[in-house]
Each structure stands twice: as C-alpha cells, then as structure tokens.
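A short write-up of the structure that comes next.
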There are 4 protein chains.
Amino acid sequence: MLIQLDYRDGTPIYEQIVNRIKKLVLIGAMAPDEPLPSVRSLAVELATNPNTVQKAYAELERQGVIYTVKGRGNFISGDKSLVEVKKKEMREQLMALMKEADELGIDRKELLKGLE
Amino acid sequence: MLIQLDYRDGTPIYEQIVNRIKKLVLIGAMAPDEPLPSVRSLAVELATNPNTVQKAYAELERQGVIYTVKGRGNFISGDKSLVEVKKKEMREQLMALMKEADELGIDRKELLKGLE
Amino acid sequence: MLIQLDYRDGTPIYEQIVNRIKKLVLIGAMAPDEPLPSVRSLAVELATNPNTVQKAYAELERQGVIYTVKGRGNFISGDKSLVEVKKKEMREQLMALMKEADELGIDRKELLKGLE
Amino acid sequence: MLIQLDYRDGTPIYEQIVNRIKKLVLIGAMAPDEPLPSVRSLAVELATNPNTVQKAYAELERQGVIYTVKGRGNFISGDKSLVEVKKKEMREQLMALMKEADELGIDRKELLKGLE
DNA sequence: GTGGTCTAGACCACA
DNA sequence: GTGGTCTAGACCACA
C-alpha cells in the first residue's frame, strides 16, 4: 500500500493512516471488498506499532470505510456514496468560509476569482 | 471583552482565545493600540488558568496581532493589513480545497455553485 | 442448506452459522433426525474454514440442537421442545428489559404499547 | 464512583466501564457537567490500566455521553435526551423480539402476559 | 494467521 | 495535574 507517514507533522500517526486510506478509497485506488494489509504487516511496513494501526482500522470501521471480519482481516466497504459524503463536507467548508468572508467585509467574488 | 469559551468543543482553550481575539480585531471591534485585558483579569473572567491566557497572548504576539509592553500590558497591533493576511489565508484554503476536489473527480463549478 | 453469511456484520462467522441453523430448526425447515451437511461440504459451500463449521456444530451439539454420530455425521435433534426453550429465553429477555425500564423510570405500559 | 468490574464475565473491561457510566448517567446519578474521575485515578480505583479507562472515556465521548476538556478532565454531557434514545433502542429490541416470535408461531399475547 | 484487548510505562500538549 | 498518543509485548478468540 502506498502510505507515507510524516513524523514531523503534528497529526497523530493513526490519524494519518486513517486519512491516507480514506483518500485511497475515495480516489478509487481500492475497490470494495478488497482486503487491506493485516494490522501486523502494515505496522511492520510503516515501522510503527500494531496498536497504532489497530486504532486506525477501528476508526475506519467506525466511519464505515472498512469492515472487519475476525480472523480474516479488514476489507474495503462497498459504500460508493463516500464521494458524495465528501462533497457534502466540502460544501459545508466552503459555506463556512464564505460566511466568514462576509463578516470581514471581504468580497466573495473577489475571493473566488479564477477558482472555477 | 466579549469572549465566550465552549468547553464542549474539542479545540484547546488557548486556541479558542486566540481565534476569538483575532476575530474581534478583524471585524474592527478592537482598535489599534487598544489595550487588552491583563492576563490575570482575563483568566478570572474566563474562569481558566492564567497559563492558558498567557499562552494565547504569546501566540497572538507571534502572529503579530498584538504587541506587549513590559510592565504596561498587551495592545492591539496597528497592522491594518490583517484583513489582507486573512484574505490570503482564505485563498490558500480555497485552492487546497479545489485541488482536493480535482483529485476526487469532483467538478469545481458544481462545488462552487451558488456561493458567489 | 439456505445459509447466508454476512461478513460485514460484526458477529463471528461460527455464531452466524449456529444462529441460522437454530432458526431453520425452530421454524421447522429441518425435521428431526434429518442429516446436516458434512463439515467439509458446508465449509466449501460457505467458503469458510472447516474449523469454523466444526466449531458451530460443536456449539449446536452443546445446546442440544443437533447430535453427532461418529462416522455418519450430524443430525437434527428430535427435541420438539426447542420452541419451548426459545420461548423461555424470550421471556427472560423481556423481563430483563422491563427491569431495565423500571430502573430508568420508563413506563412499562408505554414501552409495550401496540406490541400485542 | 460506584463502578464494579466483573473480570469473569466475557465483556471487555473498557466496555463494562462504558456501560456502567452510561447507566449512572441514565438513572440520573451523575448530573450534567459533573466531572468524572480522571483517567489515572479511575484506573487506580479499578486496578486496571490507564489505557483501558482512556479507551472507555473515548468511546463515551464518541457516543456523546461525556465531553473532554484537555488538561481539565472529562465531564458529563448535558444531553437530557439520553433516556429518550435509550427508550427508542428498547422499543426496537422489543419489536425485533415480537417479529421473531411471529416467525416461530409464538403468540405475542402469551409472551407478554404479566409484564405490564 | 488475523483482529481485539490489555498491561506497563514513556512522552507530549494543555491548563 | 489532565488527557492523548505511542511503544513493546502478551494473551485470547476466531478462521
């Protein structure tokens, strides 16, 4: 798996793993029901602790990105609507930004110029 | 000062203080060279630890939002370009968002629809 | 046999097999003394590990739902009172629920409204 | 705090802690914004590992039962609707039970007799 | 082999 | 002092 950790950046390792895998799923690099590397093997690959990978996988399962089968491993969920969820999140971020701009008297048009 | 802390929201208290004061300055609620409440008095007002307020003020000084005069207190910087700095930050956020959208194959136009 | 496993749902596979077979017996889909598929064939059918099916059968035997004849295979028990046992279990669950409701000050009548 | 662990029972310790605290909140034994014992002190009290308590608290926060303030501690959420949520859960359990009874040809009235 | 839980203990940010 | 993250390693259920 193409996961690169950045030990300098402040975000926790387990969170970096979560984000990376979510990204891989979002861009379609990992197909539904495709198995993820085992907790232990990924830990070795990333030179980190199995507990840390475990924490990342647990969070991914909680978010519905993957599912776990005891004794078998972890697999990508078939949830195709993940991109839709992401889109919604981005819309919310944009609207919050626009609201902030308004409060500061910054022109929306100017802010968005050339972004389309 | 009109600062309301939200203990439930996860962001550290010192960061909430920083954000609130930046906001107050940005919207013009605090004029250049206006004094801020002393560390101790604000700590009392917010029912928090003086260390926390101190940390917030240090961060604000680092960002150039306020300046400290030893023995006299803390004051709002006269930096009128603060809004400009903010605008630049917002542009960067927007460009990062657009880049992410591209990676996920989300149409920029669709994402920005109705925001102007 | 009409057994469908759900790998996404968290319950262990051997337990799903146990539950499914108990259900089949309870609803009368499997008659007393009827033979069950062999461990190996069911394992193949379910694309799972023979150990898993073995564990499920052992548990079913422990519960008295099936019986094993060495060299011949596994068979449904003639225990017609299985439904009675189930009914008793359900009563116990209901009474535990009612007890919990009492502790929380939830009205039993309200909780049971429209269920008869 | 009145928390008793049962090391014999199979449910994980962290989950027992979660359940106990939820119960205490549900029955009103702990008021909103009341502080919980610190991770370390509860670990000592229960003769368990701080990580285990930490895991329980993290889960409680995820469920909205408590909220965390870094450097200060954990506090009970003011969510009064917790009982409502619980009631809804119990209704769902009851309806599932009734459905199962129907499938087995068990009379609902008989099953519910004397429970009100 | 695979995931889940737990211990013992360290280090860090925050208050 | 308080919570959050992480390491190193053990033990267990499950497949």
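Since we're looking at a predicted model, the values are computed, not measured. In what follows, chains carry the letters A, B, and so on, assigned in the order in which the sequence lines appear, proteins first and then strands, with residues in each chain numbered from 1.
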(request) State, without any angle test, whether B/Q63 and B/E59 hold a side-chain donor-acceptor pair at a distance under 3.5 Å. (result) yes
(request) Find the distance D/E59:CD to E/dT5:P and express it as a whole number of Å. (result) 10 Å
(message) Can you measure C/E45 atom CD to F/dA15 atom P for me and round it to whole angstrom units?
(response) 17 Å
(message) With a 4.0 Å cutoff (strictly under), does any side-chain N or O of D/T68 reach OP1 or OP2 of F/dT2?
(response) no
(request) Please tell me which of the listed nucleotides, E/dC6, F/dC6, E/dA15, lies nearest to the side chain of B/N49? (result) E/dA15
(message) For a 4.5 angstrom cut-off between non-hydrogen side-chain atoms, does C/Q16 reach C/D6?
(response) yes
(request) For A/G71 and for D/Y14, find the nucleotide of DNA chain E with the closest heavy atom, then tell me which residue's nucleotide is more 5'. (result) A/G71
(request) Rounded off to whole Å, could you give me the OH-to-P distance for the C/Y57 and F/dA15 pair? (result) 15 Å
(message) From CG of C/L46 over to P of F/dC14, roughly how many Å is that when rounded to an integer?
(response) 17 Å
(message) Looking at E/dC6, I'd like to know if its phosphate oxygens (OP1 or OP2) sit under 4.0 Å from a side-chain N or O belonging to D/T48.
(response) no
(message) Strictly by Watson-Crick or wobble contacts shorter than 3.5 Å, is anything paired with F/dG1, and which nucleotide is it?
(response) E/dC14
(request) Check the distance between E/dG1's C1' and A/L42's CG and give it to me in whole angstrom. (result) 16 Å
(message) Does E/dC6 have OP1 or OP2 under 4.0 Å away from a side-chain N or O of D/K55?
(response) no
(request) Please confirm whether any donor atom in the side chain of D/N51 sits under 3.5 Å from an acceptor in the base of F/dG3, or the reverse. (result) no
(request) Among A/L42, A/L36, A/I13, find the residue that satisfies the side-chain contact (heavy atoms from CB on, under 4.5 Å) test when tested with A/V53. (result) A/L42
(request) Find the distance between CG (A/L46) and OH (A/Y7) and round it off to the nearest 0.5 Å. (result) 6.5 Å
(message) Measure CZ/A/R62 against P/E/dG4 and give the value in whole Å, please.
(response) 15 Å
(message) Quick check on F/dG4: is either OP1 or OP2 less than 4.0 Å from any side-chain nitrogen or oxygen of D/Q54?
(response) yes
(request) Output the single nucleotide from E/dT7, F/dT7, F/dC14 whose closest atom is nearest the side chain of A/I13. (result) F/dT7
(request) Answer yes or no: is there a side-chain heavy-atom contact under 4.5 Å between A/S38 and A/Y57? (result) no
(message) By nearest heavy atom, map D/G73 and A/V69 onto DNA chain F; which one lands nearer the 5' end?
(response) D/G73
(message) At 4.0 Å (heavy atoms only), tell me whether D/N74 reaches a base, stays on the sugar-phosphate, or touches nothing.
(response) sugar-phosphate
(message) I want to confirm an ordering. Mapping A/K70 and A/R40 to their closest nucleotides on DNA chain F, which one lands closer to the 5' end?
(response) A/R40
(request) Looking only at side-chain atoms of D/E61, point me to the closest of E/dA15, F/dG4, E/dT7. (result) F/dG4
(request) Please state how far atom OH in B/Y7 lies from atom P in F/dG3, giving the value in whole angstrom units. (result) 16 Å
(message) Looking only at the side chain of A/S38 (C-beta and beyond, no hydrogens), which of the listed nucleotides E/dG3, F/dG4, E/dG4 gets closest?
(response) E/dG3
(message) Using every non-hydrogen atom in the two residues, find where D/Q4 and D/R20 come nearest and quote the distance to one decimal.
(response) O-NH2, 3.4 Å
(message) Expressed as a whole number of angstroms, how long is the span from A/I66:CD1 to E/dT2:P?
(response) 15 Å
